[in-house]
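Here is the naming used below: chain letters follow the sequence lines, and residue numbers restart at 1 for every chain.
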Number of protein chains: 2
Amino acid sequence: MAQTGEIDFDNLHTLLGYHLRRAQVAVFKNFAEAVGAEDISPGLFGALTIIGGNEGLSQNDLAGALALDRSTLVSVIDKLEQRTLVERRKAETDRRRHALHLTDTGRDMLKRLKSKVAEHERNIAKDLSEAERNVLIDLLRRLYGGNGE
Amino acid sequence: MAQTGEIDFDNLHTLLGYHLRRAQVAVFKNFAEAVGAEDISPGLFGALTIIGGNEGLSQNDLAGALALDRSTLVSVIDKLEQRTLVERRKAETDRRRHALHLTDTGRDMLKRLKSKVAEHERNIAKDLSEAERNVLIDLLRRLYGGNGE
DNA sequence: TATTGTTATACTCTATAACTATA
DNA sequence: TATAGTTATAGAGTATAACAATA
């Protein structure tokens, strides 16, 4: 019977989607190790980062930035609020909206996370030169139609 | 209030993980459109491809090849078997094992899928030269430690 | 009427632990 | 004892549809 080492992968190894998934699994695993006891996912870190850079934004704004449905954002903010990292304040100008703010705890955690995530980035790209890393980001961006900064 | 276009993404756009996720979402969406009425996910296509290239392999072999737990493989094969694309045959040499085989329907579908997936690959990489596409695959591979073919 | 946030619900993908049958 | 497959269960991540409050 075929052993794992002898498996014929046919054309699977020629497909971008295959390598994207493998790379993402590896990167997410490394992310989890890098943040360790902070115990946060890339998605929640992204939400925290954007709230930190845009205090007072609405859930709709954040959903748009993260390309998530606004119903999905509810549970994202629920999680962050349960951990006292973020708070919903009633927006005064439009009482349908929640203005999202980091708590002091959230700000501290974000600061710690940023240095851990920076280390994580160096770690996953340790076999790539700085130029190669930039090429990789550029090529990925062209895959999904993202513009430069 | 901040609009989506004015959001400050801070350092998020400098992170490989961010672009990987965005690229993967775009690629998976395009995959779904490309296979259309065949209605199959990249994961099931991968399983089908490996079974097609290794008829008679066991569920354990396949789990290893796809880097999935063997309990996860059960539901993968359940789905493929419910659609009459794959069948479990009792391995004669070791009656604990299931030898996985494509049905005629599965073989036909795999053949159709391969051309649709090839088109999908051309489509997602349409803004990349052949050389750039190869560089991208090489760089992704170095992110997860994958060797050459 | 339209928008913001919420709830209820559901689906996909994945894993761990305990079980059965075989080896 | 160890392995192959299964089941029960759980959790993350995501979406759609319907709803209340507000605009």
How many Å lie between [atom1] on [X] and [atom2] on [N], as a whole number?
| X | N | atom1 | atom2 | value |
| --- | --- | --- | --- | --- |
| B/Arg88 | D/dA4 | CZ | P | 15 Å |
| B/Gln82 | C/dC11 | CD | P | 14 Å |
| A/Asn60 | D/dA23 | CG | P | 15 Å |
| B/Lys90 | D/dG5 | NZ | P | 8 Å |
| A/Arg89 | C/dT4 | CZ | C1' | 19 Å |
| B/Leu80 | C/dT12 | CG | C1' | 14 Å |
| A/Arg70 | D/dA17 | CZ | C1' | 11 Å |
| B/Asp78 | C/dT14 | CG | C1' | 15 Å |

Under 4.0 Å protein heavy-atom contacts per nucleotide of nucleotides 10-15 of chain D, with B for base, S for backbone only and - for none: ---SBB
Please state whether the rings of A/His13 and A/Tyr18 are parallel, tilted or perpendicular, taking 30° and 60° as the class boundaries.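 It falls in the tilted class, 30° to 60°.
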Which one of [options] satisfies the side-chain contact (heavy atoms from CB on, under 4.5 Å) criterion with [X]?
| X | options | result |
| --- | --- | --- |
| A/His101 | A/Arg88, A/Glu55, A/Arg107 | A/Glu55 |
| B/Leu12 | B/Asp8, B/Thr14, B/Asp10, B/Leu15 | B/Leu15 |
| B/Leu113 | B/Leu48, B/Asp108, B/Thr49 | B/Leu48 |

Report which part of the nucleic acid A/Arg95 touches: base, sugar-phosphate, or nothing (heavy-atom distance under 4.0 Å, all strands).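 Sugar-phosphate: the residue A/Arg95, judged by heavy atoms under 4.0 Å, touches backbone atoms but no base.
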Is any side-chain N or O of A/Gln59 closer than 4.0 Å to OP1 or OP2 of C/dT3?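 False: A/Gln59 side-chain N/O out of range (4.0 Å or more) of C/dT3 OP1/OP2.
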State yes or no: do B/Leu128 and B/Val135 share one hydrophobic cluster built from I, L, V, M, F, W and Y residues joined by side-chain heavy-atom distances below 4.5 Å, directly or via other members?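 Yes, it is one cluster - the side chains of B/Leu128 and B/Val135 are joined through contacts under 4.5 Å.
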Side-chain donor-acceptor pair under 3.5 Å between A/Asp69 and A/Thr72, yes or no?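 Note: A/Asp69 and A/Thr72 side chains miss the donor-acceptor criterion.
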Below 4.0 angstrom, N of the basic side chain to O of the carboxylate: do B/Arg83 and B/Asp78 qualify?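 The answer is no: the pair does not qualify as a salt bridge.
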If each of A/Ile77 and A/Arg96 is mapped to the nucleotide of DNA chain C with the nearest heavy atom, which maps nearer the 5' terminus, i.e. the 5' end?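 Looking at DNA chain C, the more 5' nearest nucleotide goes with A/Arg96.
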